[in-house]
Number of protein chains: 2
Amino acid sequence: MDHPSYPVDAVNRVKRMHERASYDHARVHAILDAAALAHVAYVIDGQPYATPTLFWREGTRLYWHGSSASRMLRQQSAGVPVCVTVTHLDGLVLARSGFHHSANYRSVMAFGHAALVTDEQERRRALTMMVERFFPGRSAGLRETTPGELKATSVVAMDIERASAKQRAKGVDDDPEDARLPIHAELIPLHTVLGTPSPCPDVRPGVARPEHLAAWQAGRHLDELLAEAHRATFGE
Amino acid sequence: MDHPSYPVDAVNRVKRMHERASYDHARVHAILDAAALAHVAYVIDGQPYATPTLFWREGTRLYWHGSSASRMLRQQSAGVPVCVTVTHLDGLVLARSGFHHSANYRSVMAFGHAALVTDEQERRRALTMMVERFFPGRSAGLRETTPGELKATSVVAMDIERASAKQRAKGVDDDPEDARLPIHAELIPLHTVLGTPSPCPDVRPGVARPEHLAAWQAGRHLDELLAEAHRATFGE
């Protein structure tokens with residue numbers, strides 16, 4: 001059946017714990033779409049940088065944006081190689097030995113060449129998607145982007161040429177003989193959750209919290225909300 | 001008074017939103033010590049990588065570790081330039097225009113040269129610190145690290161040569177004229193919190209949850225626990 005995956009070579013082949021690895025679109029995309037934040041690695045004059053940024057996925061393409069004055073975005077305008085990494089830290093694993101202490105996580109490393117989106121219509125659409133990707137239905141009710149704002153904003157796109165997903169999602173994995181020791185061991189789950197949304201103090205009287213934010217409630221898990229929002233905006 | 005800071009040059013000078021920037025040890029270290037996860041950027045044959053890893057700070061030195069077979073760690077054994085980035089995503093800012101949608105965050109980019117810790121005693125000590133940095137007092141009660149485990153584990157250290165901290169920690173910052181529009185705007189805080197710790201099913205009868213984990217309770221914020229643990233292990 002249809003089971004697309006990213007090509008594998010020396011750049012993205014997972015060497016360690018390869019039983020935790022996948023190159024399938026479905027696995028890679030699920031980890032990406034549950035995240036708001038990526039770290040983009042790039043090189044300037046031999047010096048590597050990892051810059052945090054909000055991002056989103058459309059098909060096999062990733063987007064991020066920022067100020068046109070940004071060093072990162074200016075550097076990435078020319079089709080340079082980048083690595084976009086997304087990581088969810090899902091838990092801490094407390095074993096009976098230091099060696100088997102570990103973490104649960106989901107991560108993706110996506111490789112490609114970053115290039116500036118130069119077409120103004122595509123850039124305008126991308127800025128709308130940047131909002132819709134979080135809050136489907138929100139952009140239509142916003143004050144429109146001005147020409148000056150559009151000019152001040154750079155959008156970078158990267159076709160995913162290679163990618164790998166890696167995941168640890170289990171409990172303590174001690175050596176069998178260690179399980180007999182009188183030492184406590186446990187899994188501590190971690191979640192990124194919403195606090196209580198705080199309306200802007202000067203919201204006009206009578207302006208209610210819009211229906212498109214109904215799911216964004218205190219206690220909800222960010223990864224679940226982002227995955228739902230991505231499906232609502234882009235489909236599967 | 002004593003107010004040490006990292007030197008600034010073209011590599012780490014914050015160009016965008018420099019009012020959000022700091023090079024002070026205190027600000028940089030506070031953001032690092034509240035985090036478990038870093039993304040390490042490095043270059044192999046011109047290809048940048050950003051690899052997620054657990055890490056910790058001692059003084060102005062960062063440590064991370066992993067399998068001796070890891071591509072990342074083998075690459076970093078020779079004193080190569082790296083960038084270690086730590087990011088806390090603290091909130092989503094919903095403005096009245098797409099342009100002013102934003103995120104609250106704290107981030108550090110730390111630059112230096114990664115080198116393998118070759119001395120066996122220093123490596124052993126580092127592996128103890130890796131546990132203590134999370135759970136002060138835990139390592140003494142664990143099954144000891146075996147020579148084979150020590151051999152299988154690489155530790156990388158990086159003296160921070162340059163660093164910058166950047167932070168956004170405020171509410172909606174709309175254009176003044178936009179505040180009059182009948183559009184809802186709000187700040188959604190985000191926190192990484194603990195779920196309910198789950199004991200290993202085969203913990204021996206009579207082995208209680210140790211006192212050194214007392215603070216690690218469901219609902220606690222990970223960044224606060226990590227900052228407390230770092231202070232308890234290393235002092236200020």
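Order of the sequence lines fixes the chain letters, A, B, ..., with proteins taken first and strands second; residue numbering starts at 1 for each chain.
- When each of B/Leu94, B/Val86, B/Leu54 is scored by its heavy-atom pairs under 4.5 Å with chain A, the top score falls to B/Leu94.
- At a 4.5 Å heavy-atom cutoff, the contact between B/Ala36 and chain A is made by side-chain atoms alone.
- Ranked by non-hydrogen atom pairs under 4.5 Å with chain B, the options A/Ala185, A/Pro182, A/Gly141, A/Pro199 are led by A/Ala185.
- With hydrogens and angles left out, the side-chain atoms of A/Thr233 and A/Glu132 include no donor and acceptor closer than 3.5 Å.
- Neither the backbone nor the side chain of B/Thr128 comes within contact range of chain A; no heavy atom of the residue lies under 4.5 Å from a heavy atom of that chain.
- In this structure, chain A has a heavy atom under 4.5 Å from the backbone of B/Arg13, while its side chain stays farther away.
- Of the two parts of B/His100, only the side chain, counted from C-beta on, holds a non-hydrogen atom closer than 4.5 Å to a non-hydrogen atom of chain A.
- Using bins of under 30°, 30° to 60° and over 60° for the plane-to-plane angle, the ring pair A/Tyr49/B/Phe111 lands in the perpendicular bin.
- The choice from B/Asp202, B/Val193, B/Val203 that makes the most heavy-atom pairs within less than 4.5 Å of chain A is B/Val193.
- Side-chain atoms of A/Ser164 never come within 3.5 Å of backbone atoms of A/Val14 as a donor-acceptor pair (strictly under, hydrogens ignored).
- Interface check for chain B: of the options A/Ile44, A/Leu37, A/Thr146, A/Leu92, the most heavy-atom pairs under 4.5 Å are formed by A/Leu92.
- Contact of B/Leu194 with chain A is made through backbone and side chain together, with heavy-atom distances under 4.5 Å.
- Side-chain atoms of B/Asn104 never come within 3.5 Å of backbone atoms of B/Gly171 as a donor-acceptor pair (strictly under, hydrogens ignored).
- Both the backbone and the side chain of A/Leu187 come within contact range of chain B, each with at least one heavy atom under 4.5 Å from a heavy atom of that chain.
- In terms of non-hydrogen atom pairs under 4.5 Å with chain B, the most contact-rich of A/Val82, A/Leu222, A/Asp178 is A/Asp178.
- Taking chain A as the reference chain and counting heavy-atom pairs below 4.5 Å, the highest number among B/Ala179, B/Gly46, B/Pro197, B/Ser107 is found for B/Pro197.
- Of the two parts of A/Ala10, only the backbone, made up of N, CA, C and O, holds a non-hydrogen atom closer than 4.5 Å to a non-hydrogen atom of chain B.
- B/Thr53 places no side-chain N or O within donor-acceptor distance of the main-chain N or O of B/Trp64, the cut-off being under 3.5 Å.
- Residue B/His101 touches chain A through its side chain alone, counting heavy-atom pairs closer than 4.5 Å.
- Counting heavy-atom pairs closer than 4.5 Å to chain A, the top-ranked of the candidates B/Val11, B/Asp45, B/Val131, B/Val43 is B/Val11.
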Please report the C-alpha distance between B/Glu149 and B/Arg143 in whole Å, then the side-chain angles of each, then the deciding distance to 0.1 Å, and finally whether the salt bridge (Lys or Arg N to Asp or Glu O under 4.0 Å) criterion is met. CA-CA 12 Å; B/Glu149 288 174 345; B/Arg143 190 264 288 151; 2.9 Å; yes
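- At a 4.5 Å heavy-atom cutoff, the contact between A/Thr196 and chain B is made by backbone atoms alone.
- Annotation: side chain of B/Ser198 is not in contact with side chain of A/Glu186 (no heavy-atom distance under 4.5 Å).
- When each of B/Arg180, B/Arg138, B/Arg204, B/His65 is scored by its heavy-atom pairs under 4.5 Å with chain A, the top score falls to B/Arg138.
- The backbone N or O of A/Ala34 sits nowhere less than 3.5 Å from a side-chain atom of A/His230 that would complete a donor-acceptor pair.
- Looking only at distances, no side-chain donor or acceptor of A/Arg20 sits under 3.5 Å from a matching main-chain atom of A/Ala169.
- With a 4.5 Å cut-off on non-hydrogen atoms, B/Leu127 does not touch chain A at all.
- Neither the backbone nor the side chain of B/Leu150 comes within contact range of chain A; no heavy atoms are under 4.5 Å apart.
- Contacts between B/Tyr105 and chain A at a heavy-atom distance below 4.5 Å are absent for every atom of the residue.
- The shortest non-hydrogen separation linking B/Val156 to B/Ala114 is CG1-CB, 3.6 Å.
- Most heavy-atom pairs under 4.5 Å with chain A: of the set B/Leu213, B/Thr145, B/Val84, this distinction falls to B/Leu213.
- Each of A/Asp175, A/Asp173, A/Asp174 was checked for a salt bridge (charged side-chain N to carboxylate O under 4.0 Å, His left out) with A/Arg96, and the lone residue meeting it is A/Asp174.
- Closest approach of B/Met109 to B/Cys83, counting heavy atoms only: CE-SG, 4.0 Å.
- A donor-acceptor contact shorter than 3.5 Å links the side chain of B/Asn12 to the backbone of B/Pro7.
- Proximity to chain A is limited to the side chain of B/Thr153, based on heavy atoms less than 4.5 angstrom apart.
- A salt bridge links A/Arg220 with A/Glu228: at least one charged nitrogen is closer than 4.0 Å to a carboxylate oxygen.
- For a residue to count as touching a neighbouring chain, one of its non-hydrogen atoms must lie under 4.5 Å from one of that chain's; by this rule B/Leu89 touches chain A with the side chain only.
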